[in-house]
Amino acid sequence: MAKITGKYETIFIVNPTLEEAAAAAVQDKFKSLIEANGTNVEVEDWGKRRLAYPIEDLTEGVYTLVRFESAPAFPAELDRIYKITDGIMRSLIVCLDD
């Protein structure tokens, strides 16, 4: 039987060199996108943290963790949008087992 909804967790890192308003706009964009396409959305703003390794000569990033439930097709679309959005340094989407 096909899955109707799944539980997912995503984390994305925003470029810390963006102005505060621009970084907040990127975070709000993804929070609202996930809320529009998912349910039981939990958002944790981890703030600025040191990266494990430099990315584009940057050593820090602004982390945001989001847990949500959605249709199985949505994470692929979310990943596509992460990749084309300026300001997103890295992202990861994980399906959580029941």
Side-chain angles (χ1 to χ4, degrees):
M1 188 167 135
K3 286 172 72 173
I4 296 172
T5 63
K7 293 182 180 181
Y8 300 94
E9 184 174 83
T10 182
I11 189 163
F12 58 93
I13 306 172
V14 178
N15 189 329
T17 60
L18 293 177
E19 294 180 14
E20 247 182 78
V26 170
Q27 288 176 321
D28 290 341
K29 171 186 175 179
F30 285 103
K31 289 175 191 175
S32 63
L33 178 66
I34 292 169
E35 286 172 349
N37 292 284
T39 59
N40 298 334
V41 178
E42 299 174 27
V43 179
E44 291 182 29
D45 186 12
W46 289 359
K48 190 181 281 191
R49 293 179 176 239
R50 186 165 183 79
L51 300 172
Y53 55 89
I55 300 173
E56 299 173 9
D57 295 328
L58 297 172
T59 58
E60 292 184 330
V62 180
Y63 285 69
T64 304
L65 174 73
V66 184
R67 291 184 191 92
F68 62 97
E69 292 182 27
S70 73
F74 175 64
E77 178 65 11
L78 180 62
D79 190 45
R80 184 188 73 79
I81 296 170
Y82 278 144
K83 290 178 181 176
I84 62 173
T85 302
D86 291 335
I88 297 291
M89 295 170 56
R90 290 287 188 272
S91 65
L92 178 69
I93 303 170
V94 178
C95 180
L96 302 174
D97 292 333
D98 289 332

Roughly how far, to the nearest 0.5 Å, is [atom2] of [Y] from [atom1] of [X]?
X: E35; Y: N40; atom1: CD; atom2: CG; value: 11.5 Å
X: E9; Y: E42; atom1: CD; atom2: CD; value: 9.5 Å
X: D57; Y: T17; atom1: CG; atom2: OG1; value: 11.5 Å
X: Y8; Y: R67; atom1: OH; atom2: CZ; value: 16.0 Å
X: K7; Y: L96; atom1: NZ; atom2: CG; value: 8.0 Å
X: I34; Y: S70; atom1: CD1; atom2: OG; value: 9.0 Å

query = Within a radius of less than 6.0 Å around CG of D28, do more than 12 heavy atoms belonging to other residues, nucleotides or ligands occur?
reply =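 Above 12, so yes.
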request  = Under the side-chain contact (heavy atoms from CB on, under 4.5 Å) rule, what do F74 and F68 come out as? Steps first, then yes or no, please.
outcome  = CA-CA 11 Å; F74 175 64; F68 62 97; 3.8 Å; yes
inquiry  = Taking ring-ring contact (aromatic ring centres under 6.0 Å, His included) as the cut-off, I'd like each qualifying pair that reaches into residues 36-58, sequence neighbours left out, listed once.
reply    =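 Matches after skipping sequence neighbours: none remain.
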Inter- and intrachain pairs under ring-ring contact (aromatic ring centres under 6.0 Å, His included), touching residues 22-43, at least two apart =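 Residue pairs passing ring-ring contact (aromatic ring centres under 6.0 Å, His included), neighbours aside: F12-F30, F30-Y82.
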At their closest point, which heavy atom of [X] faces which heavy atom of [Y], and how far apart are they?
X: L33; Y: N37; value: O-ND2, 2.9 Å
X: I11; Y: Y63; value: CD1-CD2, 3.7 Å
X: P72; Y: I4; value: CD-O, 3.5 Å
X: P16; Y: L58; value: CD-CD1, 4.1 Å
X: E60; Y: M89; value: O-CE, 4.0 Å

ask   = Just by modelled atom types, is the A71 backbone N or O under 3.5 Å from a matching donor or acceptor in the T5 side chain?
value =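 Side chain of T5 to backbone of A71: no pair is present.
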task = Report the C-alpha distance between L51 and I13 in whole Å, list the side-chain angles of each, state the deciding distance to 0.1 Å, and finish with yes or no for side-chain contact (heavy atoms from CB on, under 4.5 Å).
result = CA-CA 9 Å; L51 300 172; I13 306 172; 4.1 Å; yes
inquiry  = Between T10 and V94, is the side-chain contact (heavy atoms from CB on, under 4.5 Å) condition met? List the steps.
reply    = CA-CA 6 Å; T10 182; V94 178; over 6 Å; no
